[in-house]
Amino acid sequence: MLDPKVAELLNTQVNKEFYSAYLYLDFANYYKDQGLDGFANWYNIQAQEERDHAMLFIQYLQNNGEKVTLESIDKPDAVLAGFEDPLKAGLEHEQFVTSLIHAIYDAAYAQKDFRTMQFLDWFVKEQGEEEKNADDLITKFNLFGHDSRSLYMLDSELAARVYSAPSLVL
Ligand code: FEO
């Protein structure tokens, strides 16, 4: 059994990860509407990864004898009025998720819950990669996104992203 506060935060994170998937699906739909199928592909895969994250939290709770409670998922609320908007909102969102992971880590640390800390280590590293990917995308868009020919090339690059399952196995 886990400390109730730690278990509650882990359960809340299930919802946050599903919300992330929902948000990125919204970004993918926006780009699809705009004819940028590569950007849409990038965010569809991102959404898939977020669902994986949610499932990892569910599995971890269940492996520790905890009940999982699924709550309603909020409607994605990012205002998407230009090609750069999802990219900026994505980076901000990942920074927020990093703060959530750190808050769970803090609570686990306070309880000397080393098992949960070890489980979260993968997410701490993953958040570093998520923030870097989001930031790199903004940099690339700033460099290449304002000219139609190079935007086409960037979209083609993003179309090549393929899904790979998370490296964390519980
Ligand atoms: Fe679940 Fe994008 O971190």
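Positions are given from 1, in the same order as the sequence printed here. Values below: every heavy atom of this structure, side chains too, minus hydrogens, waters and symmetry copies. As the structure lists them, so they are numbered: ligands from 1, and atoms in each ligand from 1.
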Lys88: what forms a salt bridge (charged side-chain N to carboxylate O under 4.0 Å, His left out) with it, not counting sequence neighbours?
none
Protein-derived N, O or S atoms lying less than 2.8 Å from atom 1 (Fe) of ligand 1, waters not counted, sum to 3
Test of understanding: with salt bridge (charged side-chain N to carboxylate O under 4.0 Å, His left out), list the residues that count as partners of Lys132, not counting sequence neighbours.
Asp136
Partners passing side-chain contact (heavy atoms from CB on, under 4.5 Å) against Tyr163 (at least two apart in sequence or in another chain)
Ile45, Gln48, Asp52, Ala165, Pro166
What I'd like to find out is whether the side chain of Phe123 reaches to under 4.5 Å of the side chain of Leu100, using heavy atoms alone.
no
Please say whether more than 12 non-hydrogen atoms of neighbouring residues, nucleotides or ligands are located less than 6.0 Å from CZ in Phe141.
yes
So CD of Glu17 and CG of Leu56: to nearest 0.5 Å the spacing works out to 9.0 Å
